[in-house]
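Below is one structure, written out as structure tokens; the observations come after it.
The basis for the numbers below is simple: all heavy atoms, side chains too, and nothing from hydrogens, waters or symmetry mates. Here, residue 1 is the first one in the sequence, and each next residue gets the next number.
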Amino acid sequence: METSAPRCYQHGDKMVRYCEDHQLLCCNECVIEDHKKCGKVLKVAEYCRKVKAGSQLKDMQATLKKGTESLNSLVKDFNKQLQIMIQSQEIGLQTISDLCQKVDKRLDQLQKDITDELITLFKNEKRDMEASSRACERLINGMKNTRKWSIKAIEENDNIETIVL
């Protein structure tokens, strides 16, 4: 089955010849002008019969088949690598998320421990200060009473009480 022949860009005629020396399609005008010294300029139909009779087409088809198989294998490898990359990314993201949760949990525990320790220290310090304050109040009361009794002992001229104080 013949398809419509392409037209020559120089002459506008149909390209109906094939120059084997230059491996070009050409029109009759091109053959006369540019390919008259070429060894093999055949009609397109003759060249096609020659190609079909030889092993060129079969060799090309075998090469294309082998190339297609190789490329299919390569595409499969790319897809496998892509899946591995996706899985690695998911594992990496999950690992980061797990690590963040562990860090958050550890920080929360540290905050609780420090807060508990601070509260305990505050309570102990408060208890000690309150105890010191009560001791000072007792000492103040004792000093007031001693002063009051010393004034009374002096006013009443109580020598024994003065000596006891």
Side-chain angles (χ1 to χ4, degrees), residues 1-10 12 15 18-26 30 34 44 47-48 51-52 54-165:
M1 179 169 114
E2 289 283 327
T3 58
S4 149
R7 298 223 171 247
C8 175
Y9 67 92
Q10 275 183 314
M15 294 197 284
Y18 182 77
C19 174
E20 288 189 49
D21 293 350
H22 293 102
Q23 296 182 339
L24 289 173
L25 282 172
C26 50
C30 286
D34 302 325
V44 169
Y47 179 71
C48 284
V51 168
K52 288 177 185 176
S55 65
Q56 260 184 305
L57 284 177
K58 288 182 183 178
D59 291 347
M60 181 184 71
Q61 288 173 351
T63 302
L64 288 172
K65 182 179 179 186
K66 187 174 180 180
T68 301
E69 290 169 357
S70 294
L71 287 174
N72 280 333
S73 176
L74 188 59
V75 167
K76 285 180 184 177
D77 288 345
F78 283 147
N79 288 334
K80 285 179 187 176
Q81 289 300 319
L82 182 59
Q83 290 303 314
I84 290 170
M85 285 174 53
I86 290 170
Q87 289 173 350
S88 295
Q89 178 189 21
E90 289 171 358
I91 290 169
L93 292 173
Q94 187 60 50
T95 301
I96 290 169
S97 178
D98 292 347
L99 183 60
C100 285
Q101 287 177 357
K102 287 179 182 178
V103 168
D104 286 346
K105 185 177 178 181
R106 180 66 180 135
L107 287 174
D108 289 346
Q109 185 61 47
L110 284 172
Q111 180 183 9
K112 182 187 179 308
D113 293 347
I114 292 170
T115 301
D116 290 350
E117 185 177 345
L118 180 63
I119 290 170
T120 300
L121 288 172
F122 175 78
K123 285 179 181 178
N124 290 342
E125 194 64 29
K126 182 181 175 203
R127 184 191 66 231
D128 291 348
M129 289 185 95
E130 287 172 344
S132 294
S133 179
R134 286 191 301 274
C136 286
E137 287 175 3
R138 285 192 302 273
L139 190 56
I140 290 169
N141 287 334
M143 293 171 99
K144 283 181 182 179
N145 287 335
T146 302
R147 184 172 171 261
K148 183 172 103 178
W149 292 334
S150 68
I151 291 171
K152 185 179 175 190
I154 292 172
E155 286 176 357
E156 293 178 1
N157 208 12
D158 186 349
N159 292 329
I160 298 291
E161 189 63 32
T162 302
I163 292 172
V164 170
L165 291 172

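Looking at Arg134 and Arg138, their side chains come closer than 4.5 Å, going by heavy atoms from C-beta outward. Using a 4.5 Å heavy-atom cutoff, the side chains of His22 and Asp34 are not in contact.
Remark: Ile114 CD1 to Leu121 CG distance equals 11.5 Å, nearest 0.5 Å. Atom-to-atom distance recorded for Arg127:CZ and Ser132:OG is 10.5 Å, nearest 0.5 angstrom. Atom CD of Glu130 is separated from atom CD of Glu125 by 11.0 Å, given to the nearest 0.5 angstrom. Put simply, CG on Asp104 and CG on Asp108 are 6.5 Å apart, with the number rounded to the nearest 0.5 Å. For the atom pair CG of Leu99 and CD of Gln94, the computed distance is 11.5 Å after rounding to the nearest 0.5 Å.
When all heavy atoms are compared, the tightest approach of Met15 to Arg7 is CE-O, 3.8 Å. Minimum heavy-atom separation, Thr115 to Gln111: OG1-O, 2.7 Å.
Summarising the local packing, CD of Glu117 is surrounded by 12 or fewer heavy atoms from other residues, nucleotides or ligands at distances under 6.0 Å.
Within the 3.5 Å criterion, the main-chain N or O of Met129 finds no donor-acceptor partner in the side chain of Ser133.
Screening residues 72-93 for side chain to side chain donor-acceptor pair (under 3.5 Å), with sequence neighbours left out, gives no hits.
Under 4.0 Å is where a charged nitrogen must lie from a carboxylate oxygen, and between Asp116 and Lys112 at least one such pair does.
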Kindly determine whether Asn141 and Glu137 satisfy side-chain hydrogen bond (donor to acceptor under 3.5 Å, both in side chains), including the steps that lead there.
CA-CA 6 Å; Asn141 287 334; Glu137 287 175 3; over 6 Å; no
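With Leu64 as the partner, the side-chain contact (heavy atoms from CB on, under 4.5 Å) test is satisfied by one option alone out of Lys66, Met60, Gln61: Met60.
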